[in-house]
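Lettering follows sequence order; numbering is per chain, from 1.
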Protein chains: 2
Amino acid sequence: MDMPPPLEKPGTHPACARVNEMLGRIGDKWTILAISMLMEKPRRFNELKRMIGGISQQMLTRSLRFLERDGLITRKVYPTIPPQVEYSLTPLGHSIAAPMMQMATWVIAHLPEIEANRAAHDAGTPA
Amino acid sequence: MDMPPPLEKPGTHPACARVNEMLGRIGDKWTILAISMLMEKPRRFNELKRMIGGISQQMLTRSLRFLERDGLITRKVYPTIPPQVEYSLTPLGHSIAAPMMQMATWVIAHLPEIEANRAAHDAGTPA
DNA sequence: CAGTATCCCGGAGGATACTG
DNA sequence: CAGTATCCTCCGGGATACTG
């Protein structure tokens, strides 16, 4: 088993650290949820907050700011009263849907097996 | 680009919380690295530690224990002196390779664009 | 409504020392 | 070598109050 393809090996790639950091950011709990909420359609701040549930404004704001900074979402302000802000995925943001769904699908498909393993393991190592 | 399939919507799936938790665990920085190191071939404890670099024994141990508990890796002890322990991916563990590589590939492919966005955004919002 | 500003706490995670 | 045990630090992230 060699590794001539210089591209897709995460651990051996030169930019490994940056890639891993980015994976960590996207893989973040709240970020994943926010992105998946926006996949269907653009949404407003409190709408996201309600849908995600259990997130503080602070964390939602942070997550959205990071996503905006990285160009995965856009923030559109309507200068009405009361103010209205709409967040939507950019094309770049949408492009992450497929790989993200792959992961989610994998988890959904294997969760029962994983939880069975976990239960079995815990039964064998109760102490 | 539609999205009628009633299954793969993370945010709306009934087991959303557990799935999200699992995504968070697998998406963990160290866990990703450990899994990707093991993809190539089984490896020993200190070998992993060296390859990953920057991880403490404690964190490596924890990560490996979790992966073992979930049935993604197996821990094989050779009762030699000095002791030798080999970690390897289970079939379940291997099965996550594809979706994981999808994510990694996406990041690698779009990292330049993302970093450009970031730079542009920071330039426009220096304060 | 959509944030920003503070305060605060628990736990993630590093460093070190010890053991089988 | 492959851990376990202990200590300690830092910051992720919740709660709350205030603002445009």
key: Among dG13(D), dG3(D), dG3(C), the nucleotide that comes nearest once only the side chain of Arg65(B) is considered   = dG3(D)

request  = Extract the stems that DNA chain C is part of, considering only consecutive pairing runs of at least three Watson-Crick or G-U wobble pairs, both distances under 3.5 Å.
outcome  = C:1-20 with D:1-20

request  = Just jot down the side chain to side chain donor-acceptor pair (under 3.5 Å) partners of Asn117(B), sequence neighbours excluded, or say none.
outcome  = none

message = Let me confirm one number: the CE-CG distance from Met37(A) to Leu89(A), rounded to the nearest 0.5 Å.
response = 11.0 Å

key: Any residue meeting side chain to side chain donor-acceptor pair (under 3.5 Å) with Arg43(A), in chain and number order, not counting sequence neighbours   = Glu40(A), Glu47(A)

query = In whole Å, what is the span from the CD1 atom of Ile55(B) to the P atom of dG13(C)?
reply = 9 Å

ask   = Arg25(B): what forms a salt bridge (charged side-chain N to carboxylate O under 4.0 Å, His left out) with it, not counting sequence neighbours?
value = Glu21(B), Asp70(B)

task = Taking side chain to side chain donor-acceptor pair (under 3.5 Å) as the test, write out the residues that go with Ser95(B), two or more places apart.
result = Trp106(A)

task = Kindly indicate whether a cation-pi arrangement holds for Lys76(A) with Tyr78(A), taking the cut-offs as under 6.0 Å to the six-membered ring centre and within 45° of the axis.
result = yes

inquiry  = Arg75(B): which residues meet the side chain to side chain donor-acceptor pair (under 3.5 Å) condition with it, sequence neighbours left out?
reply    = Tyr87(B)

Acceptor/donor pairs from residues 54-61 of chain B side chains to any protein atom, 3.5 angstrom cut, sequence neighbours excluded:
from     : atom 1 : to       : atom 2 : distance (Å)
Ser56(B) : OG     : Met59(B) : N      : 3.3
Gln58(B) : OE1    : Arg62(B) : NH2    : 2.9
Thr61(B) : OG1    : Gln57(B) : O      : 2.8

request  = Would you mind reading off the distance between Tyr78(A) atom OH and dG3(C) atom P, rounded to a whole angstrom?
outcome  = 13 Å

Neighbours of DNA chain D within residues 66-76 of chain B, by heavy-atom distance under 4.0 Å = Arg75(B)

key: Distance in angstrom units between Lys49(B) NZ and dG13(C) P, rounded   = 15 Å

key: Atom pair distance, as rounded to whole Å: CG in Asn46(B) and C1' in dG3(D)   = 9 Å

ask   = Under 4.0 Å between a side-chain N/O of Arg44(A) and OP1 or OP2 of dC1(C), yes or no?
value = no

query = Does Gly54(B) or Glu47(A) map to a spot on DNA chain C nearer the 5' end, using the closest nucleotide for each?
reply = Glu47(A)

ask   = Asp28(B) CG to dG11(C) C1': how many Å, rounded?
value = 14 Å

inquiry  = Can you measure Trp30(A) atom CH2 to dG13(D) atom C1' for me and round it to whole angstrom units?
reply    = 9 Å

ask   = For dG3(D), does either OP1 or OP2 sit under 4.0 Å from a side-chain N or O belonging to Tyr87(B)?
value = yes

ask   = Under 3.5 Å, is there a donor-acceptor pair between the side chain of Thr31(B) and the main chain of Ile26(B)?
value = no

remark   = Here the distance between atom P of dG13(D) and atom NZ of Lys29(A), to the nearest Å, is 8 Å

query = Quick one: which of dG13(D), dG3(C), dC1(D) gets closest to the side chain of Phe45(A)?
reply = dG3(C)

key: Rounded distance (Å) that lies between atom P of dG12(D) and atom CG of Leu60(A)   = 17 Å

message = Could you tell me if the side chain of Val85(A) sits less than 4.5 Å from the side chain of Arg44(A), heavy atoms only?
response = no

key: side chain to side chain contact (heavy atoms under 4.5 Å, CB included) involving Pro42(B) - partner list, sequence neighbours excluded   = Glu86(B), Ser88(B)

ask   = If we only count heavy atoms from C-beta on, is the Met100(A) to Ile35(A) side-chain gap below 4.5 Å?
value = yes

Look for any protein N or O under 3.5 Å of an N or O in nucleotides 5-8 of chain D and output each such pair with its distance, or none.
from   : atom 1 : to       : atom 2 : distance (Å)
dA5(D) : N6     : Gln58(B) : NE2    : 3.4
dT6(D) : O4     : Gln58(B) : NE2    : 2.5

